[in-house]
Amino acid sequence: MTMPKFSQTIRMLGVSLAVSWAVPQTAGAATLCEGEFISAVTGASPPVQGKVTGVSNPYRKQPVRIDVEDCGRTLVIHGDGAISLKQSANDPAHYVGSHQGAPAVFDIWSPDRLTGQILIPGSNGGVIFEMTLVDGTSPDMGGCGKSALQDGPSNYDRLTVDPVLRSEVIGIIADQLGVPRDQAGRYISALRSVAKTRQSDKGVTEILPGEPGCPIELTGVKTCRVFPPETTTFIEVNLLLDAGGRLLPVTTDGSDTGRVRVDDPGATADLCAAAAPEKEYPAADNMLRFKFLGVEEDGIYDVQAGLLDADMRVFKKAHYAKGTSRGRQGRAEAAEEAYQAIGSPVTGVHNAP
């Protein structure tokens, strides 16, 4: 699609927008939608100091298209030409450049709004812009959060969580927090596999006849080979809480890393689309995490409970409870001690209005 008069308007105001430069790339994605925008343009004399806050009396308005590339590090504004902007190293919402000594700066205010200015060489003036979204989509950020360490055949590097113990632990947490058993899977996320460690993957070992697990043989095989287990008794459970301490429905669907998020169609919808559904639930404020750590020798479980920031996943409180007895009751008692020690943060279960 050709956007008429975009460059012509700028030339009328005294500056060319054929911009190209190189700025070191930084991590982090832009929060700008991509798609069709309407651009308000006018002159500024003297130049605007700091960020352009808006264009109240535009000289002209015309359509432009903005593409978001390279995981948000590059914005490309298409008129009858193309302007490429690179993300600042100090501010992920700030994009900078220059052309023949003329600085160009743009700032993202919200997913549907971008402002900026380009200074006119040899004068005490410039051109300012305000671009607002007309119709667009969220940029494709697939793979932007993955590191090279996450690539490869991960199935060979993980152990399956014992399904019987996993089900038991979900029941323990549901009973402790007042979640109806038939709703436990909606509010409680328990890992089905965990990464192998040196401790959990000791390789094939040999034991002598007569030792536990190896019968005495008079002929034939003298020793028994023991292979590392394919399951683990280490169990991790995660829950999300709103600002008032109420549990929110959770899901990991669509996440490459298994990150837990609020299960709300409105929260994952394309907010750049014209008809995005409204959220049913508030944002998560905290994460509640339980880790059940089995001591294989005696069947007793220790439990760690932690309260984390839901976005940064940084611990605010944590407590490690030593298990004192075997079986479900012992696991439940350790979980209760750890949970109470971090302040029993759950106040209820959040239901859709």
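When the side chains of ILVMFWY residues are joined at heavy-atom separations under 4.5 Å, either directly or via intervening members, Val41 and Val76 end up in two distinct hydrophobic clusters. A continuous path of ILVMFWY side-chain contacts below 4.5 Å connects Ile66 to Ile108, so both sit in one hydrophobic cluster. Linking Ile, Leu, Val, Met, Phe, Trp and Tyr whenever their side-chain heavy atoms come within less than 4.5 Å puts Ile235 and Leu239 in one cluster. Placement of Ile118 and Val64 within a single hydrophobic cluster is found when ILVMFWY residues are connected by side-chain heavy-atom separations under 4.5 Å, directly or transitively. By the rule that hydrophobic residues join a cluster once side-chain heavy atoms approach within less than 4.5 Å of another member, Val303 and Val179 end up as members of one cluster.
By the 30° and 60° cut-offs, the orientation of the rings of Tyr339 relative to Phe290 is tilted.
Note that CZ of Arg246 and CG of Leu240 are 14.0 Å apart. Values are rounded to the nearest 0.5 Å. Taken to the nearest 0.5 Å, the NZ atom of Lys291 stands 15.0 Å off from the OH atom of Tyr301. One distance of note links CG of Leu114 with CD of Glu130; it measures 9.5 Å at 0.5 Å rounding. With rounding to the nearest 0.5 angstrom, the OH atom of Tyr187 is 8.0 Å from the CG atom of Leu247. Atom OG1 of Thr115 and atom CZ of Arg113 lie 5.5 Å apart (nearest 0.5 Å). Atoms CZ and CZ, from Phe37 and Phe129 in turn, are 14.5 Å apart once rounded to the nearest 0.5 Å.
Side-chain polar atoms of Asp302 and Tyr320 form a donor-acceptor pair below 3.5 angstrom. In the model, Glu337 has a side-chain atom that pairs as donor or acceptor with a side-chain atom of His319 under 3.5 Å. No side-chain N or O of Ser88 forms a donor-acceptor pair with one of Asn90 less than 3.5 Å apart. Side-chain contact, Lys61 with Ser39: no donor N or O sits under 3.5 Å from an acceptor N or O.
Between the side chain of Ser167 and the main chain of Val164, no donor-acceptor pair closer than 3.5 Å is present. Side-chain atoms of Glu34 come within 3.5 Å of backbone atoms of Val68 as a donor-acceptor pair (strictly under, hydrogens ignored). At least one donor-acceptor pair closer than 3.5 Å links the side chain of Asp91 to the backbone N or O of Ala93.
Side-chain contact between Arg166 and Arg192 is present, with heavy atoms from C-beta onward closer than 4.5 Å. The closest side-chain heavy-atom distance from Asp263 to Leu248 is not below 4.5 Å. The shortest distance between side-chain heavy atoms of Ile128 and Thr42 falls below 4.5 Å. Annotation: side chain of Pro345 is in contact with side chain of Leu241 (closest heavy-atom distance under 4.5 Å). Using a 4.5 Å heavy-atom threshold, the side chains of Asn286 and Lys316 count as touching. Contact annotation: the side chain of Leu165 approaches that of Thr233 to within less than 4.5 Å [non-hydrogen atoms, C-beta and beyond].
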### Query
So Leu85 and Ile77, side-chain contact (heavy atoms from CB on, under 4.5 Å) or not? Walk me through it.
CA-CA 8 Å; Leu85 305 169; Ile77 303 174; 3.9 Å; yes
#### Entry: Criterion side-chain contact (heavy atoms from CB on, under 4.5 Å) on Met131 and Phe106, from CA distance to verdict
CA-CA 10 Å; Met131 301 176 183; Phe106 283 78; 4.2 Å; yes
### Query
Is there a side-chain contact (heavy atoms from CB on, under 4.5 Å) between Arg289 and Glu236 once you walk through the steps?
CA-CA 7 Å; Arg289 174 175 292 168; Glu236 179 180 311; 3.5 Å; yes
### Task
Could you check Ser84 against Thr74 for side-chain contact (heavy atoms from CB on, under 4.5 Å), going step by step and ending with a plain yes or no?
CA-CA 7 Å; Ser84 179; Thr74 303; 3.6 Å; yes
#### Entry: From CA spacing to verdict: salt bridge (Lys or Arg N to Asp or Glu O under 4.0 Å), Asp67, Arg65
CA-CA 7 Å; Asp67 291 333; Arg65 175 176 178 80; 3.0 Å; yes
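The minimum heavy-atom distance between Ala335 and Phe292, with the atom names listed, is CB-CZ, 3.9 Å. In terms of heavy atoms, Arg261 sits closest to Thr252 at NH1-C, 4.0 Å. Closest approach of Pro47 and Asn124 over heavy atoms only: CD-OD1, 3.3 Å. Taking both residues in full, the closest heavy atoms of Leu133 and Glu36 are given as CD1-O, 3.6 Å, listed atom of the first, atom of the second, then distance. Contact between Arg73 and Tyr95 at its shortest, heavy atoms only, is O-CE2, 3.8 Å. For the pair Asn238 and Val260, the tightest heavy-atom approach, listed with the atom from each and the gap, is CB-CG2, 4.0 Å.
One finds a salt bridge joining Arg328 and Asp175 here, because a Lys/Arg side-chain nitrogen approaches an Asp/Glu carboxylate oxygen to under 4.0 Å.
For Arg313, the CZ atom counts as densely surrounded, since its 6.0 Å shell holds more than 12 non-hydrogen atoms of other residues, nucleotides or ligands.
Partner of Leu177 under the side-chain contact (heavy atoms from CB on, under 4.5 Å) criterion, out of Thr347, Leu288, Ile188, Val349: Leu288 alone.
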